[in-house]
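Down below is the structure, laid out as structure tokens.
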Amino acid sequence: MKKVIAIVVLFVGFAFTANAQKVKTVALEQTPGEFTQKKITLSEGTYIFEIANNNVGHNVGFVLAPKSDTKKHIKEAYVTKPVANNSKSTSKKVTLAKGEYVYFCPLNPTPQYTLVVE
């Protein structure tokens, strides 16, 4: 019985490890009035967005939306807290399907940039 429990625990551990490896981090940097990355191309998958505030002088945020409806924000992509000057914050996990998206910051404010998922 102990062997069966050990095997089950080991299997569950591998499943969690494999799932954790599938989440990738996309690091984006904001400077006053813009993102330094103007266009991003990604594969379908699950991502966490890490937003860096590089001396903007006030809090910034992050918005991701389908290009076809820029008012339909993907709420999981919002940073978990406003990004203070010269610091970083991350989003929750976001699963992206093929298509075109836009990203921007209404607090900075920045233009809308293109994110393509292939």
Side-chain angles (χ1 to χ4, degrees):
M1 185 65 172
K2 289 181 181 180
K3 286 183 180 180
V4 172
I5 292 173
I7 291 171
V8 169
V9 168
L10 186 62
F11 177 75
V12 170
F14 281 125
F16 281 121
T17 302
N19 191 29
Q21 291 173 350
K22 294 180 183 179
V23 177
K24 299 173 191 131
T25 300
V26 177
L28 298 171
E29 176 190 39
Q30 288 190 52
T31 58
E34 67 180 358
F35 278 90
T36 56
Q37 299 84 352
K38 309 296 186 212
K39 183 176 181 179
I40 302 170
T41 302
L42 302 172
S43 300
E44 280 187 290
T46 303
Y47 296 89
I48 292 175
F49 291 91
E50 179 185 74
I51 309 302
N53 178 339
N54 188 356
N55 209 28
V56 173
H58 55 80
N59 290 349
V60 300
F62 180 70
V63 174
L64 181 67
K67 191 170 187 176
S68 60
D69 186 358
T70 59
K71 293 183 182 193
K72 190 176 180 182
H73 297 177
I74 300 170
K75 296 189 186 330
E76 294 82 13
Y78 290 162
V79 287
T80 55
K81 63 180 181 175
V83 188
N85 197 45
N86 296 316
S87 69
K88 296 178 183 178
S89 186
T90 59
S91 70
K92 295 179 181 176
K93 293 178 187 176
V94 181
T95 301
L96 298 176
K98 289 182 181 182
E100 289 192 12
Y101 301 82
V102 295
Y103 62 97
F104 59 96
C105 176
L107 302 175
N108 196 354
T110 68
Q112 292 185 355
Y113 299 100
T114 302
L115 185 150
V116 176
V117 178
E118 300 177 332

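The structure presented is a predicted model; accordingly, all values stated were derived computationally and were not measured. Because only heavy atoms are used, hydrogens play no part in the values below, and waters and symmetry mates are left out as well, while side chains stay in.
- Listed here is the closest heavy atom pair of K72 and A65: O-CB, 3.7 Å.
- Once rounded to the nearest 0.5 Å, the distance linking CD of Q37 with NZ of K39 reads 14.5 Å.
- Contact record, S89 with V83: CB-CG2, 3.5 Å, taken as the closest heavy-atom pair.
- How far OG of S87 is from CG of N59: 7.5 Å, rounded to the nearest 0.5 Å.
- One distance of note links OG1 of T110 with CZ of F62; it measures 9.5 Å at 0.5 Å rounding.
- In this structure the side chain of F49 reaches within 4.5 angstrom of the side chain of L115, judged on heavy atoms.
- V102 belongs to a hydrophobic cluster whose remaining members, ordered by chain and number, are V63, Y78, F104; membership requires side-chain heavy atoms of ILVMFWY residues under 4.5 Å apart, directly or through intermediates.
- For N54, the side-chain hydrogen bond (donor to acceptor under 3.5 Å, both in side chains) partners two or more places apart in sequence, or in a different chain, are E29.
- By the 4.5 Å heavy-atom criterion applied to side chains, N55 and N85 are counted as neighbours.
- Nearest heavy-atom pair across A77 and S91 is O-CB, 3.2 Å.
- Classification of the F35-Y113 ring pair by plane angle, with boundaries at 30° and 60°, yields perpendicular.
- Around atom NZ of K38, more than 12 heavy atoms belonging to other residues, nucleotides or ligands sit under 6.0 Å away.
- The closest side-chain heavy-atom distance from L28 to I40 is below 4.5 Å.
- K22 places none of its side-chain heavy atoms less than 4.5 Å from the side chain of T46.
- Within the model, atoms OG of S43 and NZ of K98 stand 9.0 Å from one another, a figure rounded to the nearest 0.5 Å.
- Within the structure, salt bridge (charged side-chain N to carboxylate O under 4.0 Å, His left out) contacts touching residues 58-70 (residues at least two apart or in different chains) are K67-E100.
- Scanning all heavy atoms of the two residues, the minimum distance from C105 to G61 falls at SG-N, 3.2 Å.
- Taken to the nearest 0.5 Å, the OG1 atom of T95 stands 10.0 Å off from the OH atom of Y47.
- With Q30 as the partner, the side chain to side chain donor-acceptor pair (under 3.5 Å) test is satisfied by one option alone out of N53, T36, N108: N108.
- Expressed to the nearest 0.5 Å, how far NZ of K93 lies from OG1 of T25 amounts to 10.5 Å.
- Each of I48 and V117 belongs to its own hydrophobic cluster when Ile, Leu, Val, Met, Phe, Trp and Tyr are linked at side-chain heavy-atom distances under 4.5 angstrom.
- A donor-acceptor pair under 3.5 Å links the side-chain atoms of T80 to the main chain of T90, judged by distance alone.
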